[in-house]
Amino acid sequence: MNVSIIFRKWLSVFAAVAVGAALPDGGACAQDYGIPLGISVLQSSSNFGKLRSTRFHSGVDFRTGGVEGKKVLAIEDGQIYRIGVKPYGYGNVVYVAHPDGNISVYGHLSKFTPEVEEYVRSERYRQQRNDIDLFPAAGRFPVKRGEVIGLSGNSGNSFGPHLHFEIREGASQRTVNPIGRGYYRVKDDLPPRIFGVSYYLVDTLTGVPVHTLVAKAATVAEGDARYTLAAPMVLPGRGYFCVETMDRKNDVNGSMAAYRIALSVDGEPHVEYLMDGFTFGENHFAKVVSDYVLNGATSNDVFRLAVLNEGAMPFYPHAVDRGLIDPASGIERVRIEVVDDSGNRAVLTFPVTYDPSAAGATVSIPTSAEAVDFRRHYARTTDGLKVTIPAGALYESLFYEQRKLASPPAVSVGKGTRILSDFYAVHRASVPLQAPVVLSFRADVPEELRDKVVIARLTDKGRLAASAAKYADGAVTGRASLFGVWCAAADTVKPTIAPSFRSGADLSGERRIGFRISDDFSGVASYSATVDGKWVMLEHDTVHGMLYHYFDDEVSGTGRRHEVELRVKDGVGNTAVYKGSYYR
């Protein structure tokens with residue numbers, strides 16, 4: 001679905017049906033928007049651009065006092081143009097289009113308005129879908145600034161009651177930083193903190209860049225949000241800095257993201273990082289804006305102050321030589337300024353010295369490694385495994401390795417998991433991928449398992465994580481979004497279903513029935529329920545692995561015994577079925 005195209009078509013209709021207002025000439029100013037929550041003081045629990053492993057946080061999470069049911073308000077006149085029920089994402093979510101061309105997004109709601117609830121209910125029954133994405137006709141749901149458009153909640157992929165809020169530029173669907181742009185203010189007079197810096201030497205061998213961590217130092221606080229290092233940092237050659245930092249908000253625990261980071265060399269601006277906004281197609285660049293390895297070892301953020309591929313990322317408005325530094329040119333002092341989205345700042349200043357002998361051992365490339373140009377298609381076969389790396393799947397060129405492990409690793413598998421191939425090290429898990437690669441394992445798969453195959457990656461916890469695959473012509477083939485240790489496997493066990501009620505029970509005084517569902521390998525892929533043979537809606541609490549059916553007396557009636565059936569299917573088609581009854 002191309003949401004941008006849908007929005008542009010919808011907006012043209014919106015302009016035609018808008019009553020009493022023409023589209024303004026300019027965009028909204030900071031003071032133009034109202035607050036999105038009916039509370040006295042806005043507090044953010046997670047801010048825009050926070051690094052979350054492989055992505056950025058795309059909005060601001062506003063606190064709701066640990067409870068659900070706070071009034072969610074339209075920030076400006078407009079119309080609801082999109083409504084979603086997304087168990088693995090924003091949960092119950094509303095998108096409001098405004099005459100200035102922007103969109104406001106309100107996620108993890110507990111309830112829509114009664115009119116929207118009825119529309120969503122009707123469409124879910126008509127389409128027989130539990131998760132749904134709806135685009136109501138322009139003019140159907142107009143809203144006014146400050147009007148209640150729903151109640152805050154904890155739906156979707158949420159670990160506590162809050163409101164996920166975004167402002168997007170409608171035509172591009174680019175989500176922007178609402179606090180950094182001054183649309184909102186939160187209680188925040190705390191400067192960011194800077195914990196340390198690291199330096200990577202960059203060599204280029206046969207056109208392939210090689211990054212080597214050669215220096216790392218913790219900061220020394222000097223007071224008034226100013227920092228230095230205990231000793232000069234020794235730089236052995238051309239490379240770049242990474243900085244470990246975090247921001248804070250008043251009365252909120254937890255690490256927040258930096259808004260702007262600027263590095264200067266001997267007083268001259270050298271590279272700038274700015275988290276003003278991004279399209280969702282650019283979100284994956286979080287894997288290279290951060291130091292992918294060091295960032296996973298800390299609750300803070302470790303930002304790379306360099307651009308891997310020139311022009312590839314929109315997060316660096318200024319970069320001299322892509323942020324690379326040549327200490328042989330005689331530089332003496334580095335300054336790193338970190339600014340949060342409320343304007344508070346911290347500054348790290350330190351001297352540097354150049355010593356080419358500090359590089360340590362010479363970089364060695366394994367004899368089995370092959371140079372791979374990230375701009376070109378590449379394929380390699382090793383002892384029963386073919387790996388195909390499409391052009392653009394890598395963030396940069398590299399020396400690629402793959403090998404069959406001499407013996408199977410220690411791995412914890414479920415009772416229905418069948419290992420079908422040897423294990424292979426597919427390059428290194430510390431190297432991120434921009435797009436999936438294709439793994440094809442030669443495997444003698446019994447006929448009864450051929451529709452149950454997956455490819456599986458060994459996780460840090462010693463378990464297998466499955467990805468979809470197909471069997472054909474003696475091979476199990478699937479797409480892998482991570483490098484690491486992989487194998488081919490089969491999943492032969494259906495999911496589990498545990499009802500929260502006793503079959504035959506009188507539930508006249510209850511609002512719902514619940515089922516705990518789980519699958520230990522290929523994962524829950526779909527589910528569907530009927531009451532007395534009629535399809536009924538299910539709400540999926542993905543965080544706690546629960547399905548709920550809220551009784552719909554218009555569909556099922558009352559005062560009698562009801563037969564309920566639930567079907568849950570995993571990623572390879574194994575299906576669990578529960579049949580029971582209740583009185584209501």
Side-chain angles (χ1 to χ4, degrees), residues 1-3 6-7 10 55 58-59 68 72 80-96 103 105-113 115-136 140-141 149-159 161-164 166 168 173 280 283 466-468 495 497 512-519 522-531 534-552 555 564-578:
M1 177 192 302
N2 191 318
V3 176
I6 292 174
F7 176 79
W10 190 97
R55 64 182 178 88
S58 60
E68 301 184 29
V72 175
I80 295 175
Y81 101 98
R82 185 180 178 187
I83 307 161
V85 178
K86 304 177 181 181
Y88 289 97
Y90 291 171
N92 299 327
V93 57
V94 169
Y95 303 73
V96 177
I103 297 168
V105 183
Y106 313 79
H108 304 309
L109 304 180
S110 60
K111 287 185 179 298
F112 302 114
T113 62
E115 297 81 7
V116 172
E117 285 277 1
E118 180 53 35
Y119 167 71
V120 173
R121 172 186 176 277
S122 175
E123 285 298 307
R124 289 174 74 183
Y125 271 109
R126 184 180 70 83
Q127 299 183 35
Q128 294 194 357
R129 289 188 61 93
N130 290 303
D131 62 319
I132 202 163
D133 210 3
L134 299 170
F135 293 83
R140 179 161 187 173
F141 297 116
I149 57 173
L151 298 179
S152 68
N154 192 33
S155 59
N157 190 30
S158 173
F159 293 86
H162 69 282
L163 173 68
H164 176 86
E166 298 177 16
R168 299 183 184 179
Q173 293 291 309
F280 287 88
N283 203 347
S467 295
I497 302 173
R512 67 185 187 183
I513 51 176
F515 305 87
R516 184 172 297 280
I517 62 171
S518 64
D519 186 82
S522 59
V524 171
S526 64
Y527 47 85
S528 181
T530 61
V531 172
K534 298 179 181 178
W535 185 91
V536 294
M537 292 191 306
L538 294 169
E539 311 301 331
H540 192 183
D541 179 350
T542 56
V543 174
H544 299 100
M546 292 295 297
L547 287 175
Y548 296 105
H549 167 58
Y550 287 83
F551 296 126
D552 193 330
V555 173
V564 59
E565 179 176 304
L566 171 65
R567 290 179 171 269
V568 179
K569 185 182 295 187
D570 69 12
V572 297
N574 298 310
T575 302
V577 180
Y578 169 84

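In this text, all values refer to a predicted model and were calculated from it rather than measured experimentally. For reference, positions follow the sequence shown, starting with 1.
- Every residue two or more places apart in sequence or in another chain that forms a side-chain contact (heavy atoms from CB on, under 4.5 Å) with K534 is listed here: V555.
- Scanning all heavy atoms of the two residues, the minimum distance from L538 to N130 falls at N-OD1, 2.7 Å.
- A distance of 11.0 Å separates CG in D131 from CD in E539, rounded to the nearest 0.5 Å.
- Remark: side-chain polar atoms of S522 are not paired, donor with acceptor, to backbone N or O of D570 under 3.5 angstrom.
- Residues passing the ring-ring contact (aromatic ring centres under 6.0 Å, His included) test with F159, sequence neighbours excluded: none.
- Panel note: side chain S110, backbone S152; a donor-acceptor pair is recorded below 3.5 Å.
- Distance NE2/H164 to CG/L109: 11.0 Å, rounded to 0.5 Å.
- Remark: aromatic rings of F112 and Y119 are distant, center separation not under 6.0 Å.
- Once rounded to the nearest 0.5 Å, the distance linking CZ of R124 with CH2 of W535 reads 6.0 Å.
- Nearest heavy atoms, T113 versus G150: CG2-N, 4.0 Å.
- Taking all atoms of both residues into account, the shortest heavy-atom contact from E166 to F280 is OE1-CZ, 3.9 Å.
- Take F515 and apply the ring-ring contact (aromatic ring centres under 6.0 Å, His included) test, not counting sequence neighbours, and it matches F501, Y578.
- Smallest separation of non-hydrogen atoms from G107 and V93: CA-CG2, 4.0 Å.
- In this structure the side chain of F141 never reaches within 4.5 angstrom of the side chain of V94, judged on heavy atoms.
- Looking at T542 and P87, their side chains come closer than 4.5 Å, going by heavy atoms from C-beta outward.
- Formation of a donor-acceptor pair under 3.5 Å by the H108 side chain with backbone atoms of N154 is not found in this model.
- Partners of Y106 under the ring-ring contact (aromatic ring centres under 6.0 Å, His included) rule, at least two apart in sequence or in another chain, are F165.
- Taken from CD in E123 to CZ in R129, the straight-line distance is 11.5 Å, to the nearest 0.5 Å.
- Closest approach of L566 to A529, counting heavy atoms only: CD1-CB, 4.1 Å.
- Of the possible polar contacts, one joining the S155 side chain to the N92 backbone as a donor-acceptor pair under 3.5 Å is found.
- Distance check: I132 CD1 to R126 CZ gives 7.5 Å after rounding to the nearest 0.5 Å.
- Counting only distance, with no hydrogens or angles, the side chain of R567 and the backbone of T530 share no donor-acceptor pair below 3.5 Å.
- In terms of modelled atom types and a separation under 3.5 Å, the side chain of H549 and the main chain of M537 share a donor-acceptor contact.
- Smallest separation of non-hydrogen atoms from Y88 and V524: OH-O, 4.0 Å.
- From E115, atom CD reaches atom CD of E117 across 10.0 Å, with rounding to the nearest 0.5 Å.
- Sequence neighbours left out, the pairs with a member in residues 83-95 that pass salt bridge (Lys or Arg N to Asp or Glu O under 4.0 Å) are K86-D133.
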task: Kindly determine whether V105 and R82 satisfy side chain to side chain contact (heavy atoms under 4.5 Å, CB included), including the steps that lead there.
output: CA-CA 9 Å; V105 183; R82 185 180 178 187; over 6 Å; no

task: Start with the C-alpha gap between L134 and V120, add the side-chain angles, then the distance that decides, and say whether side chain to side chain contact (heavy atoms under 4.5 Å, CB included) holds.
output: CA-CA 8 Å; L134 299 170; V120 173; 4.2 Å; yes

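- When side chains are defined from C-beta on, V577 does not count as touching I497, because their heavy atoms never get closer than 4.5 Å.
- At a threshold of 4.5 Å between non-hydrogen side-chain atoms, the residues I103 and Q173 count as touching.
- Residues that satisfy the ring-ring contact (aromatic ring centres under 6.0 Å, His included) test with Y548, not counting sequence neighbours, are absent from this structure.
- Remark: side-chain polar atoms of D541 are not paired, donor with acceptor, to backbone N or O of M546 under 3.5 angstrom.
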